[in-house]
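Notes follow once the structure below has been shown.
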Amino acid sequence: MSSAIWGFPGDLSQFEEEFNALDLDDLIRVREITQAYRHRVMLRCDPQAMAALMRSTQDVAFELGQKMAEGNAR
């Protein structure tokens, strides 16, 4: 199975580049990079998260405006 389907385009090469540049004795940095890419893979596998990422800025701004107006009306 191709690893390219599990993350966003370019993730694998960027992960390998960052990981190869690491001092593997720096466990904190190793953990940070691993967790960041793990999060990206999980995000990519979540249909609701992907739908939210695909929304336009105008759509999100309109929804926030509606929610703010509702909050101010109370």
Side-chain angles (χ1 to χ4, degrees):
M1 187 174 285
S2 171
S3 61
I5 64 170
W6 296 111
F8 293 91
D11 274 357
L12 179 59
S13 61
Q14 185 176 355
F15 173 78
E16 288 177 347
E17 183 180 314
E18 288 184 46
F19 201 77
N20 288 334
L22 281 178
D23 172 4
L24 294 180
D25 290 330
D26 184 354
L27 297 180
I28 292 172
R29 186 68 182 128
V30 169
R31 188 182 83 217
E32 288 172 348
I33 289 175
T34 304
Q35 287 177 339
Y37 283 93
R38 178 181 178 269
H39 174 75
R40 291 174 64 84
V41 167
M42 291 176 68
L43 183 67
R44 177 72 178 222
C45 294
D46 182 339
Q48 290 177 323
M50 289 306 298
L53 287 174
M54 301 305 280
R55 291 179 64 191
S56 70
T57 301
Q58 184 179 8
D59 184 40
V60 173
F62 177 77
E63 183 179 334
L64 287 174
Q66 294 286 51
K67 288 182 179 181
M68 290 175 63
E70 289 172 8
N72 289 335
R74 294 179 189 179

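Values reported hereafter were calculated over all heavy atoms of this structure, with side chains retained and with hydrogens, waters and symmetry mates removed.
With hydrogens and angles ignored, the 3.5 Å screen pairs a side-chain donor or acceptor of Asn20 with a backbone N or O of Glu16.
Glu63 contributes atom CD, which lies 4.0 Å from atom NZ of Lys67 (distance to the nearest 0.5 angstrom).
A continuous path of Ile, Leu, Val, Met, Phe, Trp and Tyr side chains, each step under 4.5 Å between heavy atoms, connects Leu22 with Phe15, placing both in one hydrophobic cluster.
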Would you list the atom pairs, donor with acceptor, under 3.5 Å between side chains in residues 32-39 and any protein atom, with sequence neighbours excluded?
{"residue": "Glu32", "atom": "OE1", "partner": "Arg29", "partner atom": "NH1", "Å": "3.3"}
{"residue": "Thr34", "atom": "OG1", "partner": "Val30", "partner atom": "O", "Å": "2.8"}
{"residue": "Tyr37", "atom": "OH", "partner": "Glu18", "partner atom": "OE2", "Å": "2.9"}

